[in-house]
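Bear in mind the structure is a predicted one, so any value in this text is a computation, not a measurement. Just so it is clear, the values below take in all heavy atoms, side chains as well, and ignore hydrogens, waters and symmetry mates. In the text below, chain A, chain B and the rest are named by the order of the sequence lines, each starting its count at 1.
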Amino acid sequence: MYALDAKMSFDDNALFRHEDIKVLNDNSQKDPREVAAQEHDLSYVGLEGNIGCMINGAGLAMATMDMIMHCGGKPANFLDIGGGASPERVAKAFELVLQDKEVKAMLVNIYAGINRCDWIAEGIVKAVSSMSLSVPLIVRLSGTNVEKGTKIITDSGLPIILADTLKDAAEKAVEAISS
Amino acid sequence: MSILLNKNTKVLIQGMTGRIGSFHAQEMVDYGTNLVAGVTPGKGGTKHLDRPIFNTVKDAVNETGAEACIIFVPAAAAADSIMEAADAGIKYCVSITDGIPAHDMMKVKRYMLRYKKKIK
């Protein structure tokens with residue numbers, strides 16, 4: 001018996017202590033959207049739909065994607081922004097999702113625990129103000145500093161659609177595309 | 001499911017003096033949590049948010065009798081912090097850290113076998 005091939009996976013979370021394995025990475029073999037995401041340490045998976053997603057927590061991201069499909073839409077990507085996301089990180093994530101030309105609406109769903117709604121809101125406002133946003137943006141915030149975050153969004157005067165619940169956000173996103 | 005913690009439970013925070021730890025420590029204090037100490041190696045003997053900071057969890061538990069802890073430590077050291085807490089006699093530990101290497105958590109799971117749950 002001969003071993004003709006082997007497949008190995010490496011825990012991305014442990015690469016920091018394996019420099020010799022880290023250098024084996026070959027970005028030419030990866031989806032360019034995912035390469036860009038990795039450069040900013042963002043957890044992103046490209047999909048084929050048209051509703052761009054920015055969510056915190058892999059579980060919530062999956063639930064949101066399910067809800068989008070349930071409401072008749074299709075997610076363009078999976079993106080878990082992680083905990084404690086700074087305004088700069090949020091802005092980068094935003095830009096990344098919108099680089100996908102297929103995106104016709106953007107949905108941000110944040111259930112903030114370690115994250116803070118005011119930081120998320122600042123990042124969104126920063127991102128939207130520095131680019132010409134051509135797609136509808138639906139934002140649902142809840143959790144830590146939700147009042148501060150909501151105020152930052154409404155005070156910005158930007159055309160951002162606010163949603164209350166996960167279902168409300170998904171419905172508004174799907175509606176925004178069809179209108 | 002039985003109640004594990006109540007408003008009197010003494011809580012300590014590992015990583016309390018860091019940016020995220022400080023923010024949440026204040027939130028916990030505002031909420032009324034019985035926060036008794038913080039642990040940050042190297043900052044033992046200082047005070048933060050009016051609570052004593054210790055170098056090790058063992059020191060903190062000996063001085064304050066803390067039974068529960070929450071960990072705000074970066075991924076590279078988080079698993080170690082969990083095991084340190086268990087070793088110091090902490091009964092309930094919450095680690096909020098994302099991205100702890102899988103192998104580290106396997107070690108933690110194995111390590112926890114030393115601490116059999118006592119049924120009272």
Side-chain angles (χ1 to χ4, degrees), chain A residues 7-22 37-45 54-62 78-90 93 110-123 142-149, chain B residues 4-5 11-33 35 38-41 48-49 68-85 92-111:
Chain A
K7 297 280 181 253
M8 301 178 78
S9 345
F10 299 101
D11 183 358
D12 284 343
N13 292 328
L15 282 178
F16 71 89
R17 55 190 184 203
H18 292 285
E19 286 297 323
D20 53 340
I21 292 175
K22 210 166 160 185
Q38 211 161 31
E39 262 155 45
H40 297 109
D41 215 21
L42 289 163
S43 193
Y44 174 98
V45 177
M54 187 174 95
I55 299 147
N56 71 310
L60 184 59
M62 311 246 264
F78 164 97
L79 173 60
D80 172 11
I81 197 164
S86 65
E88 292 71 30
R89 188 176 163 80
V90 172
I110 299 291
Y111 193 98
I114 295 293
N115 267 310
R116 295 164 51 155
C117 288
D118 49 342
W119 284 9
I120 302 284
E122 268 177 54
S142 54
T144 307
N145 290 356
V146 59
E147 297 88 5
K148 269 196 197 154
Chain B
L4 299 174
L5 307 170
V11 179
L12 70 77
I13 298 180
Q14 288 170 260
M16 179 168 155
T17 56
R19 188 179 57 134
I20 308 265
S22 291
F23 174 75
H24 286 276
Q26 188 61 62
E27 297 264 295
M28 286 163 72
V29 166
D30 293 345
Y31 189 76
T33 305
L35 178 62
V39 174
T40 298
H48 190 58
L49 300 179
C69 77
I70 179 164
I71 295 179
F72 294 97
V73 169
D80 195 75
S81 304
I82 299 171
M83 293 189 279
E84 187 191 338
Y92 316 105
C93 168
V94 173
S95 173
I96 58 89
T97 309
D98 215 7
I100 302 177
H103 264 206
D104 287 7
M105 287 315 293
M106 282 160 66
K107 285 196 184 116
V108 170
K109 186 155 163 67
R110 178 90 188 178
Y111 190 85

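For the atom pair CG of Asn13(A) and CG of Asp104(B), the computed distance is 9.5 Å after rounding to the nearest 0.5 Å.
When heavy atoms are compared at a cutoff of 4.5 Å, Ala102(B) approaches chain A by way of both its backbone and its side chain. In this structure, chain B has no heavy atom under 4.5 Å from any part of Ser43(A).
Residues Arg17(A) and Pro101(B) come closest through the heavy atom pair NH2-CB, 3.4 Å. Of all non-hydrogen atoms in Thr144(A) and Glu27(B), the two that sit nearest each other are CG2-OE1, 4.3 Å.
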